[in-house]
Asker: 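Would you mind keeping the following structure in view while I ask a few things?
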Amino acid sequence: MPELPEVETIKKELGKSVVGKKITEVCVHHPLVIRQPSVVKFKKDLVGATIKNVLRRAKLLILELSNGKYLAIHLKMTGQLVYPGDGKKSRVTFHLSDGKNLDFNDQRLFGELRLIDNWQSLKFIRELGPEPFDLNPERFKEMLSNKKTKIKPLLMDQKFISGIGNLYAAESLFRARIHPGRPAQSLSDKEKGLLFKEVKDVLKEAIHYGGSSVDNYVRLSGEKGNYVSHHKVYDREGKPCVKCKTTIKRIALGGRGTYLCPKCQT
DNA sequence: AATGGGACCTGCGCGC
DNA sequence: TGCGCGCAGGTCCCAT
């Protein structure tokens, strides 16, 4: 499940591999993932365009094209971008001027590709909360101050703060020793400051290791990200807490599974 | 305003 | 072995 670190990893790798290359052909094997515009127009407007730059906002990848348009890619749950791709699982294949393919794979078809004139005007983009790395501790504390919501669903709320999903919310809260069900406004000043630090630290570390390949996520090369072995709680139900040996629990919060150490996190 | 549930999808792992 | 079912969780949408 790609979150900020996974998308950032792919963004950096795309910058090295495909920027400067021209799209020579687009094969749409599954039209469901093309959300905007029509498949015909999507292909027509992409062919001949050169990829000028790659941007990331929250979990959205944005390819800036030489024709002034932008290709926005959301991987959702099971999306993958692979270069050079073999086309085997591809939903959409972009043939590039170097003779290689950029494959968009997506087992569950939740992913979304949009070719747009102005990415800033997308509803999804306009409603996003700030990037974690654009915030300072004081601002983060202010944001939490009048929120009654449980802290974990709040961290995952893209309109509140963008880029954090189920995995990094759970890891941040473990590191800050905060129970995921706590009302946000109940956190002490010290806890808020610590949580902000841990959010940034865990995201940075995960980016360093190329993200977490828990499920379908792979790097642009098709290799797995290496951060899973550093997880303290996520996907570790029944295993001992790395700090106190207490058995890691999995509970439901806001309709999502979440992992915690019942002793360390209060 | 905030919360909960279902929808979108597929494939995996589980119990029988 | 095989079948049906629950489940994974990013985002949107609707109901309360």
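Below, chains carry the letters A, B, ... as their sequence lines are ordered, and counting in each starts from 1.
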Asker: Kindly determine whether A:Tyr70 and A:Asn53 satisfy side chain to side chain donor-acceptor pair (under 3.5 Å), including the steps that lead there.
Answerer: CA-CA 10 Å; A:Tyr70 298 90; A:Asn53 197 12; over 6 Å; no

Asker: Determine the interatomic distance between P on B:dC9 and the same-named atom on C:dC13; round to the nearest Å.
Answerer: 14 Å

Asker: Using only heavy-atom distances, decide whether a donor-acceptor pair under 3.5 angstrom links the side-chain of A:Arg256 to the base of C:dT11.
Answerer: yes

Asker: Side chain to side chain contact (heavy atoms under 4.5 Å, CB included) with A:Phe94: which of A:Ile51, A:Asp103, A:Leu46?
Answerer: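 Looking at A:Ile51, A:Asp103, A:Leu46, the match for A:Phe94 under the side chain to side chain contact (heavy atoms under 4.5 Å, CB included) is A:Leu46.
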
Asker: If you assign A:Phe124 and A:Gly257 each to the DNA chain C nucleotide with the nearest heavy atom, which residue ends up on the more 5' nucleotide?
Answerer: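 Residue closer to the 5' terminus by nearest nucleotide: A:Gly257.
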
Asker: Side chain of A:Gln107: nearest nucleotide among B:dA2, C:dG9, B:dT10?
Answerer: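 The closest nucleotide is B:dT10.
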
Asker: Quick one: label A:Tyr234 by what it contacts on the DNA or RNA (base, sugar-phosphate, nothing), any heavy atom closer than 4.0 Å.
Answerer: sugar-phosphate

Asker: Considering every strand and a 4.0 Å limit on heavy-atom distances, what is the contact class for A:Glu112: base, sugar-phosphate, or nothing?
Answerer: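 The residue A:Glu112 makes no contact with any strand.
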
Asker: Within less than 4.0 Å of OP1 or OP2 of B:dT10, is there a side-chain N or O belonging to A:Thr78?
Answerer: no

Asker: Can you tell me how far the CG atom of A:Asp106 sits from the CZ atom of A:Arg91, to the nearest 0.5 Å?
Answerer: 6.5 Å

Asker: As a test of reading the structure: which of B:dC9, C:dG9, B:dA2 is closest to the side chain of A:Leu109, going by heavy atoms?
Answerer: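 Closest nucleotide to the A:Leu109 side chain: B:dC9.
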
Asker: Within the pair A:Gln158 and C:dG10, is there a side-chain N or O less than 4.0 Å away from OP1 or OP2?
Answerer: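 False: A:Gln158 side-chain N/O out of range (4.0 Å or more) of C:dG10 OP1/OP2.
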
Asker: What do you reckon, are the aromatic ring centroids of A:Tyr227 and A:His208 less than 6.0 Å apart?
Answerer: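 When the ring centroids of A:Tyr227 and A:His208 are compared, they turn out to be at least 6.0 Å apart.
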
Asker: Taking the nucleotide of DNA chain C with the closest heavy atom to each, which residue, A:Asp215 or A:Lys76, is nearer the 5' end?
Answerer: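 Result: A:Asp215.
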
Asker: Going by ring centres under 5.5 Å and near-parallel planes (under 30°), is A:Phe110 stacked on C:dT11?
Answerer: no

Asker: If the cut-off is 4.0 Å, is A:Lys59 near the phosphate of C:dT11, judged by side-chain N/O to OP1 or OP2?
Answerer: yes

